[in-house]
Amino acid sequence: GTAGGLRYLKKISSDDFIVANCDTLFKINYAKLYKFHKQNNNLMTVVVSNSRHTFQYGFCKTNNNKLISIVEKPKFNFTVNTGLYLFNRKIIKLIPKGKRFDMTDLINKCLGIKKNINVFKISPSSWNDLGQIKEFSKISKNFHKK
């Protein structure tokens, strides 16, 4: 899992370190992120952003087969995980050895034992998920402009 590999880090010279999804590009002020992390005494800082999703169908609200209302292609706003994290090295001790352990597992474990986690919000234009073909194509065109 995404977090499981962190267990194998042998030596980290810094108290804090960054982990980022390899298919995501970020254009943020890392000094501000680090300052926020330290000021809040976080074990983990999760970088988040706003995302708007348009549901591609009409949304029907029903009650016992009776139509109550319908909204055509509703739009929903979400706060999403961008895949960028700043960790205190103490977090490594919370990752089990020899077991698949995803980042959401680590986050949920930290929340369950009341560890200090905060979110650092960035603008939607500050990151691009290249794992989505539409985004990859858009970014690729921008890199090849002369």
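Keep in mind that the numbers below use all heavy atoms, side chains included, and drop hydrogens, waters and symmetry copies.
- Remark: the backbone N or O of Ala31 is paired with a side-chain donor or acceptor of Asn29 at under 3.5 angstrom.
- Here CD1 of Ile91 is found 12.0 Å from CG of Leu9. Values are rounded to the nearest 0.5 Å.
- Annotation for Ile95 and Ala3: closest pair CD1-O, 3.5 Å, computed over non-hydrogen atoms.
- Val19 and Leu6 make their closest contact through CG2-CD2, 3.8 Å (heavy atoms, listed as atom of the first residue, atom of the second, distance).
- Annotation: side chain of Phe120 is not in contact with side chain of Thr82 (no heavy-atom distance under 4.5 Å).
- Considering only heavy atoms from C-beta on, Asn42 stays 4.5 Å or farther from Asn88 through its side chain.
- Residues Val46 and Met44 approach most closely at CG2-SD, 3.6 Å, considering heavy atoms.
- Salt bridge absent: Asp105 and Arg100 never bring a charged side-chain N and a carboxylate O closer than 4.0 Å.
- Atom NZ of Lys109 has more than 12 neighbouring heavy atoms from other residues, nucleotides or ligands inside a 6.0 Å radius.
- Formation of a donor-acceptor pair under 3.5 Å by the Asn41 side chain with backbone atoms of Asn116 is not found in this model.
- Taking CZ of Phe87 as the reference point, atom OG1 of Thr45 lies at 9.5 Å (rounded to 0.5 Å).
- The nearest pair of heavy atoms linking Ser14 to Asp16 is OG-O, 2.8 Å.
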In a table with atom names and distances, give each donor-acceptor pair under 3.5 Å that connects a side chain of residues 47-69 to protein atoms at least two apart or in another chain.
residue: Ser49; atom: OG; partner: Ile122; partner atom: O; Å: 3.0
residue: Ser49; atom: OG; partner: Trp127; partner atom: NE1; Å: 3.2
residue: Asn50; atom: OD1; partner: Lys121; partner atom: NZ; Å: 3.3

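- Heavy atoms of other residues, nucleotides or ligands lying less than 6.0 angstrom from NZ of Lys38 number more than 12.
- Using a 4.5 Å heavy-atom cutoff, the side chains of Ile12 and Ile92 are in contact.
- The line from CG of Leu43 to CG of Leu86 is 10.5 Å long, rounded to the nearest 0.5 Å.
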